[in-house]
Amino acid sequence: LTPRIGFCYFLIIKGAINMVSINFEGAKQFYASQPDKAAAQAAFDTLVNGTGAGNDFIGWVDLPVNYDREEFARIQAAAKKIQSDSKALVVIGIGGSYLGARAVIELLKSPNYNALPKNTPDIYFAGNGISSDAVTEILAMIGDRDFSVNVISKSGTTTEPAIAFRIFKAALEKKYGVDGAKSRIYATTDKARGALKTLASREGYESFVVPDNVGGRYSVLTAVGLLPIACCGIDIEALMHGAQAEREDTLKRGVESASVQYAMSRQALYADGKNIEILAAYEPAFRFMAEWWKQLYGESEGKNGIGIFPASVEYNADLHSMGQYIQDGPRTLMETVVSFEQPQNEFTVPFAMGDPDRLNYLAGRKLSDISRMAQEAVKAAHIAGGVPNLEVRVPKRDEAGFAWLVCFFELACAISGYMSGVNPFDQPGVEAYKKNMFSLLGKPEAN
Ligand code: PA5
């Protein structure tokens, strides 16, 4: 990794542009001591030079410039085939094999993507739980329409998606026969290991690889995210270009980059007792982006008895529920607000004769302007109430904007993790429940 990153670093020095911008003004007054630039520099060097804990899982840093072009073309071809022969795609996966794809589809298309008029397949997410009601509902929503399945599991052995895959594979076989089903199953897994890989090779499923050196929560820019994303008609080439730009900007500017500044700032706030970070956005479409972010930061930093607890809120809705706690509860919170400078669509408040609801003072004003005022008001109130505020701004809710955010948050997460002295790429804690569950279920190897 070291020479490769070094090489790219020199290539991009000239072309740096600030894609994600960050504003710390609302946080500065809360630092117990100034953000530790030297520690941030050391963490940055550790990541870039590949000398830290978990350094066999930093392949995601290079992904935007170093992805498999042949596989990328196969992903695009598979997406076209699914678009042409299926009205629905069931995406089976959990954690890092699920959240990224859902985040980008909701952010760039809509949380209501399935219900909106379109000429791309509906997407149903399965295997992220063990709910018989959820499975039944998905089967009912597919009905007698043509569908395909993308089963995603890096290890190929995770129980929740494996159960869902059995169910949807059986449904495919019932509808299309055993051979017909095979041509509608797309497997994204390890290149050599795991039960899913064995099955995919035996049955001849079209397969895509989760690279060895990319962990689940850092994998959205691999086939894990790209195939479902491409099926929805999102431009995955534009995604990769956006990711390249943000990556290059961070590598070039180092401690002056938005990613490193964010890592530094949240660590300074953590040192001051702000051990909960709430990620807020004013777009309902951001909800699953926040879920993706929570996994990224929670699994990367919450270990060895330390770590900032990642939570999320959706404004304005949560101003009328969590707002009370944020304004007035224990002062252990920091707030990071992600905003998009331009909406995808503009709307103005209509004029009403006689002003029956006393709202004509807003008539003719854009909702985006009103929302901006709300954001300013919330920011001032929360800072006054003792909640440090970090603002993350992206110009637009588009492919580039999403990719910039992904790179920004991933790089910041790794650097923040190294600053706090943990391995940001492992997740030993998630094994505990599995051990108990397997034992209760009587899994043969568990006893
Ligand atoms: O980030 C991670 O590594 C996890 O969330 C995994 O992605 C999740 O447990 C699913 O694992 P797998 O892809 O092996 O089925």
Side-chain angles (χ1 to χ4, degrees), residues 53-61 63 90-104 125-130 149-169 185-200 205 207-229 288-303 307 310 312 406-407 409-414 416-417 422-438 443 445:
N55 59 359
D56 43 350
F57 282 100
I58 53 176
W60 56 271
V61 178
L63 265 181
V90 182
V91 179
I92 298 175
I94 193 167
S97 292
Y98 153 64
L99 289 164
R102 184 154 183 186
V104 63
F125 291 97
N128 48 72
I130 318 179
V149 166
N150 179 200
V151 54
I152 308 169
S153 176
K154 182 176 181 184
S155 63
T157 55
T158 309
T159 312
E160 293 89 339
I163 293 171
F165 182 50
R166 268 208 184 187
I167 294 169
F168 286 96
K169 177 171 174 273
I185 295 172
Y186 301 83
T188 305
T189 188
D190 187 85
K191 67 173 187 307
R193 283 166 305 202
L196 180 57
K197 174 64 194 167
T198 309
L199 185 64
Y205 304 151
S207 297
F208 301 99
V209 172
V210 192
D212 282 344
N213 58 2
V214 179
R217 59 189 175 274
Y218 293 86
S219 70
V220 63
L221 296 178
T222 71
V224 169
L226 295 178
L227 179 57
I229 291 169
F288 264 85
M289 197 65 199
E291 296 301 321
W292 170 85
W293 172 87
K294 283 192 277 192
Q295 186 205 359
L296 181 64
Y297 280 76
E299 269 191 351
S300 299
E301 293 194 308
K303 50 196 72 161
S312 65
V406 163
C407 285
F409 278 131
E410 287 182 349
L411 287 160
C413 182
S416 179
V422 300
N423 174 355
F425 308 115
D426 66 359
Q427 54 285 329
V430 301
E431 295 309 313
Y433 97 91
K434 292 185 191 171
K435 214 169 147 231
N436 294 345
M437 179 176 77
F438 292 145
K443 185 177 179 180
E445 305 94 279

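Worth knowing before you read on, the calculation uses all heavy atoms, side chains too, and leaves out hydrogens, waters and symmetry mates. Both counts, for ligands and for their atoms, begin at 1 and track the order of listing.
- Atoms OG1 and CZ, from Thr159 and Phe438 in turn, are 3.0 Å apart once rounded to the nearest 0.5 Å.
- Under the 3.5 Å distance criterion, the side-chain polar atoms of Lys154 are matched with a main-chain donor or acceptor of Val214.
- Under the salt bridge (Lys or Arg N to Asp or Glu O under 4.0 Å) criterion, Glu299 pairs with Arg217, not counting sequence neighbours.
- For Glu291, the salt bridge (Lys or Arg N to Asp or Glu O under 4.0 Å) test picks out Lys294, with sequence neighbours left out.
- At a heavy-atom cutoff of 4.0 Å, ligand 1 is surrounded by Ile94, Gly95, Gly96, Ser97, Ser153, Lys154, Ser155, Thr158, Gly216, Arg217, Gln295, Glu299, Gln427.
- Screening Trp293, Phe425, Tyr297 for a side-chain contact (heavy atoms from CB on, under 4.5 Å) with Cys413, the sole residue that qualifies is Tyr297.
- Listed by chain and number, the residues in a salt bridge (Lys or Arg N to Asp or Glu O under 4.0 Å) with Asp426 are Lys303 (sequence neighbours excluded).
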